[in-house]
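Everything on this sheet refers to the single structure shown next.
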Amino acid sequence: PNQDGLAVLVAGIVAAYSLDRTRERTPIRADARWRRSLLTVGGAAALVCGSFALRSPSGVLVTATTLAGVVLSYPRLKRHLPTKLLLLPSVWLLAVVLLPFASSRGIPWRHLLHPVVPVLFLQVAAGCFLCDLKDERADAEADVPSLPVLVGRRWTTLVVATLTFAA
């Protein structure tokens, strides 16, 4: 694997999730110190992500920038059912499959044809849906069509178990 691409992936995950959590209005996350900590960690991770992307082959920079644009648009995009259920796992799948393996020859798009990709997609989707369980109340209040909001906790858990088993 390309170490810089792997650093872009890991730092991007930390940045995306830290910064996303600052938008939540749960009691602990509404605390100013907690929010500042998340912003600091997220901002630092974004800087690390960007610096490694700049050191990487151009394909990593273009791919990372495109994925970052989607992640930054996610608060608006998640209000649409296909986006919430398919785009998020797809973005993480692309990041995991492409970023660590990019080289000076470019992005290894052929990796998307590997038989493990559908398995990874199922695992990533199951993880995303599982995370949505803890956000069910906030998603319902914000009219975000997450799986728990649409079908409830019991069915979401069943979907997650089925996806995990299938993977």
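No hydrogens, no waters, no symmetry mates; every other heavy atom, side chains included, goes into these values.
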**OP:** Verify the cluster assignment for Leu86 and Leu93: are they in a single hydrophobic cluster under the rule of side-chain heavy atoms below 4.5 Å apart?
**Re:** yes
**OP:** For residues Leu88 and Tyr74, report the shortest heavy-atom separation together with the two atoms involved.
**Re:** CD2-OH, 3.5 Å
Subject >> salt bridge (charged side-chain N to carboxylate O under 4.0 Å, His left out) partners of Asp4, counting only residues at least two apart >> reply: Arg55
Original post:
What heavy-atom pair brings Ala102 and Pro108 nearest, and what distance separates the two atoms?
Top reply: CA-CD, 3.8 Å
**OP:** Could you check Thr164, Thr162, Leu163 and say which one makes a side chain to side chain contact (heavy atoms under 4.5 Å, CB included) with Val160?
**Re:** Thr164
Original post:
Going only through I, L, V, M, F, W and Y residues with side-chain contacts under 4.5 Å, is there a path from Ile13 to Val41?
Top reply: no
Original post:
Does the side chain of Leu39 come within less than 4.5 Å of Leu19's, by heavy atoms?
Top reply: yes
Original post:
Does the side chain to side chain contact (heavy atoms under 4.5 Å, CB included) test come out yes or no for Leu112 and Leu94, once each step is laid out?
Top reply: CA-CA 8 Å; Leu112 294 175; Leu94 289 171; 3.8 Å; yes
**OP:** Would you check if the distance from the ring center of Tyr17 to the ring center of Trp92 is below 6.0 Å?
**Re:** yes
Subject >> Test side chain to side chain contact (heavy atoms under 4.5 Å, CB included) applied to Val96 and Val124, Leu9, Val91, the passing residue >> reply: Leu9
**OP:** Decide side chain to side chain contact (heavy atoms under 4.5 Å, CB included) for Trp109 and Leu98; before the verdict, give the C-alpha distance in whole Å, the side-chain angles of both, and the deciding distance to 0.1 Å.
**Re:** CA-CA 7 Å; Trp109 296 106; Leu98 301 177; 3.3 Å; yes
Subject >> For Ala167 against Val119, the heavy-atom pair lying closest together >> reply: O-CG1, 3.3 Å
**OP:** Would you kindly confirm whether Val62 and Leu67 end up in one hydrophobic cluster when ILVMFWY residues are joined by side chain heavy atoms under 4.5 Å apart?
**Re:** no
Original post:
Do Asp139 and Glu136 pass the side chain to side chain contact (heavy atoms under 4.5 Å, CB included) test, and can you show the C-alpha distance, the side-chain angles, and the key distance before you say yes or no?
Top reply: CA-CA 5 Å; Asp139 284 348; Glu136 180 181 11; 5.9 Å; no
Original post:
Looking at Ser56 and Gly5, what are the two nearest heavy atoms and their distance?
Top reply: OG-N, 4.1 Å
**OP:** Would you kindly confirm whether Leu77 and Leu72 end up in one hydrophobic cluster when ILVMFWY residues are joined by side chain heavy atoms under 4.5 Å apart?
**Re:** no
Original post:
Are Val70 and Leu61 co-members of a hydrophobic cluster defined by side-chain heavy atoms under 4.5 Å apart?
Top reply: no
Subject >> All ring-ring contact (aromatic ring centres under 6.0 Å, His included) counterparts of His111, not counting sequence neighbours >> reply: Phe101
**OP:** Without swapping roles, check the side chain of Asp132 against the backbone of Pro148 for a donor-acceptor pair under 3.5 Å.
**Re:** no
Original post:
What are the two closest heavy atoms between Ala95 and Pro100, and how far apart are they?
Top reply: O-CD, 3.3 Å
**OP:** Evaluate side chain to side chain contact (heavy atoms under 4.5 Å, CB included) for Leu85 paired with Phe129, printing each intermediate quantity in order.
**Re:** CA-CA 8 Å; Leu85 299 180; Phe129 301 155; 3.7 Å; yes
**OP:** Can you see which heavy atom on Val144 is nearest to which on Arg79, and at what distance?
**Re:** CG2-NH1, 3.7 Å
